[in-house]
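Chain letters run A, B, ... following the sequence lines, proteins first and then strands; every chain starts at 1.
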Amino acid sequence: MASVSSQPQFRYTQPPSKVLHLRNLPWECTEEELIELGKPFGKVVNTKCNVGANRNQAFIEFADLNQAIAMISYYASSSEPAQVRGKTVYLQYSNRQEIVNNKTTADVAGNVLLVTIEGADARLVSIDVLHLVFSAFGFVHKITTFEKTAGFQALVQFSDTETASSAKNALDGRSIPSYLLPEHLGPCTLRITYSAHTDLSVKFQSHRSRDYTNPYLPVAPSAIDGSGQVIMGLDGKKLEPESNVLLASIENMQYAVTLDVLHMVFSAFGPVQKIAMFDKNGGVQALIQYPDVQTAVVAKEALEGHCIYDGGFCKLHISYSRHTDLSIKVNNDRSRDYTIPNTTPMVNSQPSILGQQPTSVMGSAVQYSGASFTPSQEQPGIPQQTSAGWGPGVPPMPQSMPMQMHNNPYMPPGTMPPQAAPGMMQSPMQSGMPQSSMLPRYGSGQMQ
DNA sequence: AGCACA
């Protein structure tokens, strides 16, 4: 026919649809602007912005076909064209019946993160390491792990979206610090999106799933030994029932480990309530009491197997005590109740730890070299630069802060000063200064 | 000013 244009599909041939196609939109038109435009005619249930090569097209979908018809009809006879930011917008029925995939679940922030651990050794990353990593941002309620085609994945549940977001922002694309992983493990990179979940269902404490909000949750049958007491961790490692009281034994104690040293070391993870030291089996052991199990768990995970002093001296071996509340009869050089302020004859609990140190024995001038945890030398507010993770290689944080006690690892990063701990050292690096923070601090860049 | 990509 003579009336057939060169672009017949642009004539009035589109059948009605709940979805309208908009073009000639201003640059980077927002969803809000689209909703504003469509709202007078009905309920906008979905949108899609920045469509097309020029990203100046969009779709809006109404709840009801009649609403779409109302909008088209109105502007077909209106003297005023549809406008966004003063720019005329042309609209017509879309040739699709619905908008697909505008908001993927991964786009909607939530309190649960979907974490994909990439790397050849990804599946060797234990749930405990994940817990430690994510606990730096807030209380981790639950973790489940599973293997899918995408690889080894975990769902990590926080209290709220804000906490989850801070963890996601800080950790997405980063690698788990190598010092948190078993030796010989290759890099394990985290890819993080939001999950659509809001509350994970964890039936058992097992090597695949944990519910940190419910210590009484039954242990998975597969993880219980004959006594019914012992949890089996990943790779059959035994785990004691968690407790707020840790039992630390000190191996290879070449140098005196004092109450104050222990206090400082363990205070990096949260307030230490009580410490009791005693001799056992020819060595020194100590019970360290935190107010809650979670803090103790984090401290144990961070400190287990590490040495207080450079050179493999005073290696800590930590297990959970059966105690929940220590009875401190008297405050002396071997036991102390820090919850009773007036009876603690100490000066800020971190006396001359440097002065106590064997300065000549070490040969090298370095006793308090870098932290074995190489924690986050990042300053809050300064994004980390290396994608290789936070491990060794990240520039050290300037040691300007006095040592701080009672840093709670559950505090959001940036809300507390750098914590202090004596240099926990296993590899020679950094200066001879007391190193801060045995905790990984994955700052989100948020300063309060 | 002209129909997206999980």
### Query
Counting heavy atoms not belonging to Lys43(A), are there more than 12 under 6.0 Å from its NZ?
no

### Message
So, does Arg23(A) get its side chain near the phosphate of dC3(B), meaning an N or O under 4.0 Å from OP1 or OP2?
### Response
no

## Note on the structure
Dot-bracket for DNA chain B, 5' to 3', Watson-Crick and G-U pairs with both distances under 3.5 Å, [ ] for crossing pairs, | for partner on another strand, reads ......

### Task
Figure out the NE2/P separation between His21(A) and dC3(B), and round it to whole Å.
5 Å

### Message
Tell me whether the rings of Phe158(A) and Phe134(A) are parallel (<30°), tilted (30 to 60°) or perpendicular (>60°).
### Response
tilted

### Query
Can you tell me how far P of dC3(B) sits from CG of Asn46(A), to the nearest Å?
19 Å

### Query
With sequence neighbours excluded, what pairs up with His197(A) under the ring-ring contact (aromatic ring centres under 6.0 Å, His included) test?
none

#### Entry: Full working for side chain to side chain donor-acceptor pair (under 3.5 Å) between Asp325(A) and Gln289(A)
CA-CA 7 Å; Asp325(A) 189 22; Gln289(A) 177 175 336; 2.9 Å; yes

### Query
Would Ser249(A) and Gln285(A) count as having a side-chain donor-acceptor pair, cut-off 3.5 Å?
no

### Nearest-Å distance for atom pair CG/P, residues Asn95(A) and dA4(B)
8 Å

### Within residues 50-62 of chain A, residues whose heavy atoms come under 4.0 Å of DNA chain B
Val51(A), Gln57(A), Phe59(A)

## Note on the structure
Of all heavy-atom pairs linking Pro271(A) and Tyr290(A), the shortest is O-CD2, 3.2 Å

### Ring center gap for Phe41(A) and Phe62(A) short of 6.0 angstrom
no

### Summary
Quick note, Lys48(A) side chain, CB onward, closest among dG2(B), dA4(B), dA1(B) is dA4(B)

